[in-house]
Amino acid sequence: MSEEGYDHTAVERRWQEAWAEADAFRTPDDAEDPTYVLGMFPYPSGKLHMGHVRNYTITDAYARYRRMRGDDVLHPMGWDSFGLPAENAAKERDSDPRDWTMDCIDTMRGQMESMGFGYDWDREITTCEPEYYRWNQWLFRRFHEEGLVERRAADVNWCPSCETVLADEQVEGEEERCWRCDSLVEQRELDQWTLGITEYADELLSAIDDLEGWPDSVREMQRNWIGKQEGSVVEFEVGEAPTDSGSGDDGEPRTFGPVEAFTTRLDTVFGATFFALAPDHPISEELAAEDDAVHEFVHNEADPDGDEPNGVETGLTATNPATGEEVPVFVADFVLSDVGTGALMGVPGHDERDHAFARRMGVDVVPVVAPEPDVEGADPEVPDVSEGAYTEDGVLVNSGEYDGLTSAEAREALTGAIDSADFHTQYRLRDWLISRQRYWGTPIPVIHCDDCGPVLVPEEELPVELPEFVNTTGNPLDAAEEWKHTTCPDCGADAVRETDTMDTFVDSAWYFLRYVSPDLEEAPFDVERADDWMPVDQYVGGLEHAVMHLLYARFATKAVSDMGMLEHREPFTNLLGHGMVQLDGEKMSKSKGNTVSPQRIVGEYGADTARLFMMQAARPDTAFDWSEEGVRSTHRFLGRLAETVRSFVDRESEPAGDDDPTAAYVRSEVDAAVAVATENFDDLGFDLATREAQSLVATLRGYREYVDEVHAPTVERGLQVALRLLAPVAPHLTEELYAELNGEDAGLLVDAEWPTADVDTDEARRRRQLVENTRDDVRNIVDVAGIEDPDRVDVVVAPEWKHEALAVALDSDADNLVGELMGRPEIQRHGSDAADYAKDLQAEREALRPALSPEHEREALEAAAWLVEREFGAPVRVLAAEEADDDVASTAEPGRPAIEIVE
RNA sequence: GCGAGGGUGGCCGAGCUCGGACAAAGGCGGCGGACUUAAGAUCCGCUCCCUCAGGGGUUCGAGGGUUCAAAUCCCUUCCCUCGCACCA
C-alpha cells in the first residue's frame, strides 16, 4: 500500500462508530429552523446502486457542509417500502412481502452506514409499518372531510401484468405502457377511489412560476402535465336531419339534444362544417347499437393510435350555433372521450387535423379567419385553405357581423353572443386515482355496507392493518376472508372491507412532514414544528419523478395547508435533479448488465474514494461516465493527502522556515481556496469545490518540496483548511487526519467550524491571473528569444502614477482622456511617457479593467517568485519601477509587469 | 408537431445571467523534462498555426446582424437530447 493507500476499512469503521457515539447527526426536536436537506427516500430493492450513492453523497456532503457552517441540519432517511416488487418477490419464494422488505432495509441501511452517510436515524421512517401508514388512512379521512375523495366508476388504466390499475401519470408513452413493468396498459371499468388534485390544478400551475429553486425542465414538465387550456364550451343541437327521416318510420326526426364541445378557437365557429363524437361517446354507443356501419367503426375500425383520422358518417346533423346551418355528424377515432367533452366542432379551414379529416370525408372547407393585413385598414386577404389549414389567429372573414374582429375579440364576442357558449378552462390533469388491487400497500380505510354504501372506518379504529399475506393469484386482500368480513360502523350490519390499497405515491406525498416528528402518536406530524422546519431547503432526487411524485407532494402540501395543518404551501424550496451515473455513455442498469457495484468500490478503495470521485467527476446535475482510472486517481489523491498531513505531524523537530514571501504565497492560496470552495459549496458545485481543495493540497506539497524548511504555521493552517474543505465529501479520512493533526482532544471534524478567509474572491482571482499571466510571459520570452539558461529574471512593477492614471481613466467620462490625464500634474510631469500611456489608455478605454493596487501587485509577484525560480532555475527579483532601468520599467503597466531576463 | 435544454480546442467539460482580462479554466489522453538502475508513483512544462523578448493569424454547429469590441446580445438555419403529443 505504501504512500498510495491507507487502511480505509479500519479508518471508516472507526469514525462511523465515533459519529454514532457522539450522536453527530441528531437533530434535536427543539432545533429552531434547521436546514432541511433531503434525498428522495429509496424503495428498498435490496442493494444500494450507484444512483443511490450519487444522490445520497450529494445530500450528505451538503448537509455536512451546512453543519460545519454552523447550521442546525435536518438530514433524515427512510424507506418507501410499499410496492409491487416486494409482493412479487414474496410470491416467487413463497414468503412474505414484509420479511423480504425488512431484510432489504437492513441491508441497505448497513450499506448507507458504510458509505458514511450522516443521517439522524432516530427519525427513520418506514412506510410499510402501521405506525406510518395509519396516517395515510388518517389523511384519507381528512381529505374525505374536505371533499377531496371520490369514488367513481371509471375507465381506468389496467396493467394486466401488475394486476392493478394505474394513475395516468404511471402510464408512459404513446403506446401506453406500465411505468413499472412496461406491459401494455388496458382499459377497464372499475369503481375506484380518487383524490381531488384537479381542485388544485390552477394553483399547482401558477405556483410553478415561483419555484425558482427548481430546474426549468421540471417546471415545464409540470406545466405541460397540468395542461391548462382556456377556451369556451359551446353546444350543438344534434339530431336526425330534418329532411330525412333516417329510421324510415314516420313521425318527427329524433333529436339527441344539445351536445357540448370545448374549443379554444370559438372565433372559427363560422367555419365549423362538421361535428365529431368520440367512439365511446354515449351517442356513438347508442348509434352503434342500431347502425351496423357505426357499430363496425366503433368496435373494429376505430384506431385512436393510428396516424390517419378515421370516421364514419352517422346520418345525424348538428346545428352550428353561429350560422344555424346543419352540419354532418361523424363518429371519429381522433376524438378522445377524455379530452375536452369527447365531442368537438370540426373547423377544417383552421385546424390541420380537421382539414385532413374533412378532405377525406368530403366535407366543406370554409376559411373564416384571415391573416391580419400589414397595412392598417386594408381588407384582409382570405387565405387559401384548400391545401392546408390556416391555424394562426387573425381577423374574421365570412363570419357575418363578426367580420373584421380579431380572433381574440371574436372569441370574447361570440362566447357572449351564443346562448349556449361560456368561457371554460380545462385541464389535462385528471383526479389522482389511488386505488390499487394489490396487497402490499396501505389499506383504504373503507367498509362497504349493503345499506349504507361505502363508510369510512372511524378514526379510533385506525389503523386498518394488513392481514397475513396469502399467496394467491388475485388480490390477497380479497382472499383474506376473515379480515374482509366485518360490520358496518354505521348500522352494525354485516359488511366487507374495501380490498383496494393505496398507490404508494400516497406514502411519498407527505413523508417529508413525518420526519419532523416521526414518533408522534396523535397526528401525522407536529404542526408547529412543521411550520418551523418546513419547507425542505434542498431536495435531491432523480428526475424520473419530475411529474408524479413531485406533483403529488405539492398537491398534498397544499391540501394539508388548507386543512389548517401547515402554513407552507410548497414542500421543496430548492430541487436538484442529479444526473445519471453511466458506463461508456450508457445508463447503468441491471438489464444491460453494465453496473458497477458500490460495495466492490467501497471494499477496494473505500467509501471516501467513491464519494470524492463521484463528486469531483461532474456537476451534480449532469450525467457522467464512471471511470475506474478516475477512481484510482482519486484514491491516490487521498493517499497523498494522508502522506502530506502525516509527514507534517511526524516532523522530527519544528521546521525553522521563515515567514517569507513564499509562505505568504501559500497563505494567499489557502485563503483563495477557502473563498472559492465556499462559494462552490453554497451552490452545490462539489466538483469545483473539491478541485479547489485538491489543488490546495498540491500547492502545499509543492511548497514543502521547494523549500528546505517550511514555515510551520502556514502549512498547519493549509492542512487544517484542506481537511475541512474535503470533510463534507471524504469525511472518514479527513476525520482521521484531523485527529492526527490536532490530537485526540480536539473534538470531531464534523463539528469543526468551516474556515473563513478575509479575501474577496474577485481579488483572489485577479491575483491568480496576474501570477499566471506573468509566468506565461516569462515562458513566452524564454521560448521565443531562445534563452537557454537564464541567469536572472527581473520583474518590474508599474510605477504608482500609471496605477493612478488607470484609476482616473476607469472613472472618467471625459471625451478626451488624454487631455484629462495630462491635466493632472502628478501624471503630466512624467512627460512623453505619460502622454504615451494616456494614449494607450484612450485606445483601450472601453476595455479597461481595474488592477490590483501597486502594493498588492508587488506582494503577489514577490510571493509567487518562487514558482518562476523553481521553473527556470534562476533567481527572481521583483522591483519597483524606480529600482529598475528606465527602458525596462517603462514597458510595465498595471496588471502587466515588465520582464527582463538576463542570460 | 409543440415545449424545454443543448451544440466550445483530440475527448470530457467551464465560460455564456452583467459583451472586453478568451486561444478560451479544469480534467483526461498525448508529448517532453526532473526524480529513478528501470518501471510505477510524484513533481515541472508543452499540447490550433506562425514568431529573431512577452508579437501576429485563424477558432467556440452554420449563415447573417448589432457594437470600437461577441463563444458571450439579436435574427435565420442545421443537428442532438429530454419531456408531451391526433388535446379540440
Side-chain angles (χ1 to χ4, degrees), chain A residues 2-4 172-174 215-225 227 229 231 233 261-266 268 272 276 278 303-310 332-336 338-347 351-354 356-357 391 426-428 543 546-547 585 616-619 622-625 627 629-630 633 636 639-640 643 685 687-688 691-692 694-695 698 701-702 705-706 765-766 768-770 772-787 843-851 867 870-873 888 891 895-901:
Chain A
S2 74
E3 185 190 282
E4 247 196 74
E172 295 181 334
E174 201 168 346
D216 286 343
S217 58
V218 175
R219 298 207 281 173
E220 196 58 27
M221 282 163 75
Q222 294 214 345
R223 286 192 191 102
N224 288 342
W225 187 263
Q229 292 269 17
V233 284
F262 174 81
T263 177
T264 56
R265 292 299 304 274
L266 194 62
T268 63
D303 176 17
D305 298 327
D307 293 333
E308 295 290 314
N310 301 307
D333 59 5
F334 66 89
V335 185
L336 307 177
D338 60 348
V339 173
T341 61
L344 61 80
M345 66 178 208
V347 186
D351 180 279
E352 291 295 353
R353 187 206 45 214
D354 292 353
F357 184 75
T391 57
Q426 73 154 25
Y427 298 88
R428 204 179 84 104
L543 256 26
V547 173
Q616 71 172 39
R619 273 179 22 209
T622 58
F624 78 96
D625 268 359
S627 142
E629 185 49 53
S633 152
R636 286 198 300 268
R640 261 176 278 145
E643 191 279 333
D687 55 328
L688 303 172
R691 220 169 279 165
E692 194 61 37
Q694 296 196 30
S695 99
R701 288 169 67 82
E705 252 164 59
Y706 183 70
R765 287 199 181 96
R766 239 176 277 156
R768 284 177 167 181
Q769 192 81 49
L770 170 72
E772 213 30 70
N773 288 348
T774 306
R775 294 177 68 191
D776 272 346
D777 280 346
V778 174
R779 283 176 202 132
N780 209 334
I781 293 166
V782 167
D783 184 38
V784 173
I787 298 169
E844 296 283 300
R845 185 139 183 209
E846 311 291 339
L848 296 177
R849 285 157 301 100
L867 295 167
R870 179 176 69 178
E871 188 173 341
F872 298 96
V888 175
T891 62
R896 186 145 208 245
I899 295 165
E900 162 94 321
I901 300 172

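Sequence lines set the chain letters: A, B, ... in the order given, protein chains first and strands last, and positions in each chain run from 1. Everything quoted here is computed from the prediction, not taken from an experiment.
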In whole Å, I'd like the distance from the CD atom of A/Q694 to the P atom of B/U42.
12 Å
In Watson-Crick or G-U wobble terms, with both distances under 3.5 Å, the base opposite B/G83 is B/C2
Would you say A/Q229 places a side-chain N or O within less than 4.0 Å of OP1 or OP2 belonging to B/A85?
no
Which nucleotide, B/C84, B/U42, B/A88, lies nearest any side-chain atom of A/R636?
B/U42
For A/D687, report the nucleic acid contact type (base, sugar-phosphate, nothing); a contact means any heavy atom under 4.0 Å.
nothing
Across nucleotides 43-59 of chain B, 5' to 3', mark each nucleotide with B, S or - according to how protein heavy atoms within less than 4.0 Å reach it.
SSSS-----SBBS----
What contact category does A/N310 fall into here, base, sugar-phosphate, or nothing, at under 4.0 angstrom with non-hydrogen atoms?
nothing
Describe the nucleic acid contact of A/E352 in one word from base, sugar-phosphate, nothing, applying a heavy-atom distance below 4.0 Å.
nothing
B/A14 and B/U8, which share atom name P, separated by this distance in whole Å:
11 Å
Looking only at atom P, what distance separates B/G13 and B/G6, rounded to whole Å?
14 Å
Taking the P atom of each, how far is B/G33 from B/G19, in whole Å?
46 Å
Complementary nucleotide for B/G19 - Watson-Crick or wobble, under 3.5 Å:
none
Please enumerate all protein N or O atoms sitting under 3.5 Å from an N or O of nucleotides 2-10 of chain B, with distances to 0.1 Å.
| residue | atom | partner | partner atom | Å |
| --- | --- | --- | --- | --- |
| B/G3 | O2' | A/E220 | OE2 | 2.8 |

Interatomic distance, A/R765 CZ vs B/C22 P [rounded to whole Å]
14 Å
With a non-hydrogen cut-off below 4.0 angstrom, is A/L543 in contact with a base, only sugar-phosphate, or nothing?
nothing
Under 4.0 Å, heavy atoms only, any strand: does A/Q769 hit a base, just the sugar-phosphate, or nothing?
sugar-phosphate
Say you pick atom C1' in B/C12 and the same atom in B/C86; how far apart are they, in whole Å?
41 Å
According to ring pair (Phe, Tyr, Trp, His ring centres under 6.0 Å), who are the partners of A/F872, at least two apart in sequence or on a separate chain?
none
For A/R619, which contact category applies under a 4.0 Å heavy-atom criterion: base, sugar-phosphate, or nothing?
sugar-phosphate
Write down the partner of B/G54 under the Watson-Crick or G-U wobble criteria, each distance required to be under 3.5 Å.
none
Rounded distance in Å between the P positions of B/G55 and B/A21
14 Å
Tell me, please, which residues at least two apart from A/P309 pass side-chain contact (heavy atoms from CB on, under 4.5 Å).
A/F334, A/A356, A/F357
Once base and sugar-phosphate atoms are separated, protein heavy atoms under 4.0 Å mark nucleotides 23-32 of chain B, 5' to 3', with B, S and - as --BS------
Under the salt bridge (charged side-chain N to carboxylate O under 4.0 Å, His left out) test, residues paired with A/E871 that sit two or more places apart
A/R775, A/R779
Which part of the nucleic acid, if any, lies within contact of A/V335, taking any heavy atom under 4.0 Å across all strands shown: a base, the sugar-phosphate backbone alone, or nothing?
base
B/U81 versus B/G61 - spacing of their C1' atoms, nearest Å
15 Å
Using the P atom as the point on both nucleotides, what is the distance between B/A39 and B/C52, in whole Å?
34 Å
Please report the distance separating the C1' of B/A70 from the corresponding atom of B/C22, rounded so that it comes out in whole Å.
11 Å
If you assign each of A/D351 and A/A843 to its closest nucleotide in RNA chain B, which residue comes earlier from the 5' end?
A/A843
For B/G29, the Watson-Crick or wobble partner whose two distances fall under 3.5 Å:
B/U47
B/C73: pairing nucleotide in any strand, Watson-Crick or G-U under 3.5 angstrom:
B/G65
